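Remember, it's a predicted structure, so these values are computed and weren't measured experimentally. Just so you know, ligand 1 is whichever comes first in the structure, and atom 1 is the first atom listed for that ligand.
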Amino acid sequence: MTPLHHLSAIEIRDLFCRGEVSAVQIAEYFLRRIEQYNTSLGAYLSVLGPRVMMKAESLDKKRAKKEPVGRLAGVPIAIKDNMHILHEITTCGSNFLSNYKAPFAATAVHLLEDEDALILGKTNMDEFAMGSSNENSAFGPVQNPWNAGCVPGGSSGGSAAAVAARLGLIATGTDTGGSIRQPASFCGVVGYKPTYGRVSRYGLVAFGSSLDQIGPFTTTVADAALAMEVMGQHCPHDATSLDLPPESYPLSKDLEPGTVIGVPWRFLEGLTSEARKNFDDAIQVMKDKGAQIVDVDLDILKYSIAVYYILATAEASTNLARFDGIRFGIRSKNAKSLEEVYELTRKEGFGREVKKRIMLGTYVLSSGFQDAFYKKAQKVRTLIIDAFEAAFNTCDAVMMPVTTSAAFEHGAIQDPIQMYLQDIFTVPANLAGLPGISVPSGYDSRGMPLGLQILGPQMCDVALMQIAYAYEQATNHLRIPRDYE
Ligand code: GLN
């Protein structure tokens with residue numbers, strides 16, 4: 001029999017439904033893998049052993065009684081540690097919340113549980129989702145399963161590494177400026193960022209509320225589609241949740257006849273030659289599938305890093321104001337007055353990157369500077385949205401790489417600006433609220449994975465997934481890293 005970790009989520013679910021494996025066997029199998037590999041990999045921050053075993057036992061009973069089971073029955077899933085699981089700790093990768101027990105479940109988590117997923121644990125991440133390498137986690141780094149010396153990407157580095165190392169077959173991530181697509185690309189798995197508002201943010205610890213989206217990491221596009229069918233539902237607890245009926249994602253390996261794909265050639269500067277070659281190959285694949293490739297003018301995207309790091313920090317500075325030492329998480333033991341409770345708790349609780357962003361965000365919002373920074377950035381954001389709208393009048397999807405190169409080594413990027421520039425190809429989708437996907441597109445000469453990014457117009461998640469599926473089926477670059485086979 002194929003080892004369970006070589007299967008996709010859909011395959012493992014079908015195996016369970018046919019009665020060829022029990023949920024208890026699946027849960028035990030993946031818990032064993034976590035035990036074997038996680039100490040060095042660092043992908044999971046907490047493992048919910050007793051909880052998942054209880055769920056598995058009740059699922060097996062349900063199947064024995066021939067009751068209907070959910071669409072994710074028996075699928076082992078990991079949750080990024082900024083999303084609430086009822087009564088479990090949500091650290092957000094921060095010392096600040098190291099003791100914070102969630103009093104309710106995130107809608108997305110709840111929807112996964114309702115479909116009988118087996119939730120294994122919570123994954124490591126950059127503190128409050130701020131970072132591109134997982135090096136900002138208060139609980140230590142995550143290794144890239146393809147090369148322990150390299151970063152897995154961030155901020156959802158633990159989720160990407162968990163799926164790449166097959167310590168789970170689906171993981172949730174959040175994408176504010178690329179935190180699903182970039183780590184997916186660095187770890188050689190599929191990462192999907194839905195249209196803004198498609199998945200409810202209720203129960204997600206907010207970073208940049210106008211940018212944040214929850215989405216899945218998977219090993220195949222079909223699994224990402226399944227995860228979206230489950231998680232992409234309207235939720236009355238999130239005012240920005242799209243009030244639309246849930247969608248189904250039919251997939252065919254052929255492109256819709258007449259598909260036009262736009263490439264913003266002038267924007268694609270700074271690619272390493274290997275990343276460029278990889279991208280050119282992907283375009284050829286799409287041409288062979290019958291797509292017409294056109295040039296689109298998205299020159300304005302050169303401002304997106306500046307715009308993003310103004311708006312995201314502004315929103316973060318207000319969102320993180322709630323961590324005051326009184327309502328959530330830790331409280332400084334050294335505080336002698338109310339003022340000191342605020343000051344010392346924030347000083348002791350937040351890491352360096354988070355403090356930097358709170359200060360930057362407070363600055364761009366301060367009176368006197370607000371017009372020059374925050375309001376100006378909002379105006380440029382509108383121009384970016386307009387540019388995408390114009391581009392999508394001439395094409396069905398836009399293709400670009402996810403990053404300028406494959407994963408870098410731990411500690412290799414010290415300059416914060418260089419780190420922020422990592423997000424050059426990913427932040428535009430967040431600024432415009434677009435759906436985007438990272439699909440494995442091959443490997444560089446060091447054997448490190450690269451990803452192809454495809455973006456679609458707002459609300460066109462289903463059509464976008466279809467294009468990604470056609471590309472995946474024509475290429476299939478999916479592999480399991482040697483150390484985790
Ligand atoms: N790397 C980006 C940042 O540091 C994106 C993070 C994210 O999407 N959560 O802000």
*What's the spacing between Leu311 CG and Asn430 CG if we round to 0.5 Å?*
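It is 11.5 Å, given to the nearest 0.5 Å.
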Task: Sole candidate of Tyr484, Tyr443, Phe186 that passes ring pair (Phe, Tyr, Trp, His ring centres under 6.0 Å) when paired with Trp146 - done: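 In the set Tyr484, Tyr443, Phe186, the residue that makes a ring pair (Phe, Tyr, Trp, His ring centres under 6.0 Å) with Trp146 is Tyr443.
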Inter- and intrachain pairs under salt bridge (Lys or Arg N to Asp or Glu O under 4.0 Å), touching residues 446-462, at least two apart |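 Checked against salt bridge (Lys or Arg N to Asp or Glu O under 4.0 Å) - neighbours excluded - the pairs reaching residues 446-462 are Arg198-Asp461, Asp444-Arg446.
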- Message: Consider side chain to side chain donor-acceptor pair (under 3.5 Å). Of Thr107, Thr174, Thr240, Asp212, which one does Arg201 pass it with?
- Response: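 So, applying the side chain to side chain donor-acceptor pair (under 3.5 Å) to Arg201 and each of Thr107, Thr174, Thr240, Asp212, only Thr240 qualifies.
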Check ligand 1 for N or O atoms under 3.5 Å from a protein N or O and list each pair with its distance.
{"from": "ligand 1", "atom 1": "1 (N)", "to": "Gly131", "atom 2": "O", "distance (Å)": "3.0"}
{"from": "ligand 1", "atom 1": "1 (N)", "to": "Ser132", "atom 2": "OG", "distance (Å)": "2.8"}
{"from": "ligand 1", "atom 1": "1 (N)", "to": "Asp423", "atom 2": "OD1", "distance (Å)": "3.2"}
{"from": "ligand 1", "atom 1": "1 (N)", "to": "Asp423", "atom 2": "OD2", "distance (Å)": "2.9"}
{"from": "ligand 1", "atom 1": "4 (O)", "to": "Gly131", "atom 2": "N", "distance (Å)": "2.9"}
{"from": "ligand 1", "atom 1": "4 (O)", "to": "Tyr309", "atom 2": "OH", "distance (Å)": "3.3"}
{"from": "ligand 1", "atom 1": "4 (O)", "to": "Arg357", "atom 2": "NH1", "distance (Å)": "3.3"}
{"from": "ligand 1", "atom 1": "4 (O)", "to": "Arg357", "atom 2": "NH2", "distance (Å)": "2.8"}
{"from": "ligand 1", "atom 1": "8 (O)", "to": "Thr176", "atom 2": "N", "distance (Å)": "2.8"}
{"from": "ligand 1", "atom 1": "8 (O)", "to": "Gly177", "atom 2": "N", "distance (Å)": "2.7"}
{"from": "ligand 1", "atom 1": "8 (O)", "to": "Gly178", "atom 2": "N", "distance (Å)": "3.3"}
{"from": "ligand 1", "atom 1": "8 (O)", "to": "Ser179", "atom 2": "N", "distance (Å)": "3.0"}
{"from": "ligand 1", "atom 1": "8 (O)", "to": "Ser179", "atom 2": "OG", "distance (Å)": "2.6"}
{"from": "ligand 1", "atom 1": "9 (N)", "to": "Ala129", "atom 2": "O", "distance (Å)": "2.8"}
{"from": "ligand 1", "atom 1": "9 (N)", "to": "Ser155", "atom 2": "OG", "distance (Å)": "3.4"}
{"from": "ligand 1", "atom 1": "9 (N)", "to": "Ser179", "atom 2": "OG", "distance (Å)": "2.7"}
{"from": "ligand 1", "atom 1": "10 (O)", "to": "Tyr308", "atom 2": "OH", "distance (Å)": "2.7"}
{"from": "ligand 1", "atom 1": "10 (O)", "to": "Arg357", "atom 2": "NH1", "distance (Å)": "2.8"}

Will you find, in the side chains of Ser156 and Lys80, an N or O donor that is under 3.5 Å from an N or O acceptor?
->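 Ser156 vs Lys80: donor-acceptor pair found between side chains.
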Exercise: do Ser248 and Glu229 side chains pair donor with acceptor under 3.5 Å: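 Distance-only check fails for Ser248 and Glu229.
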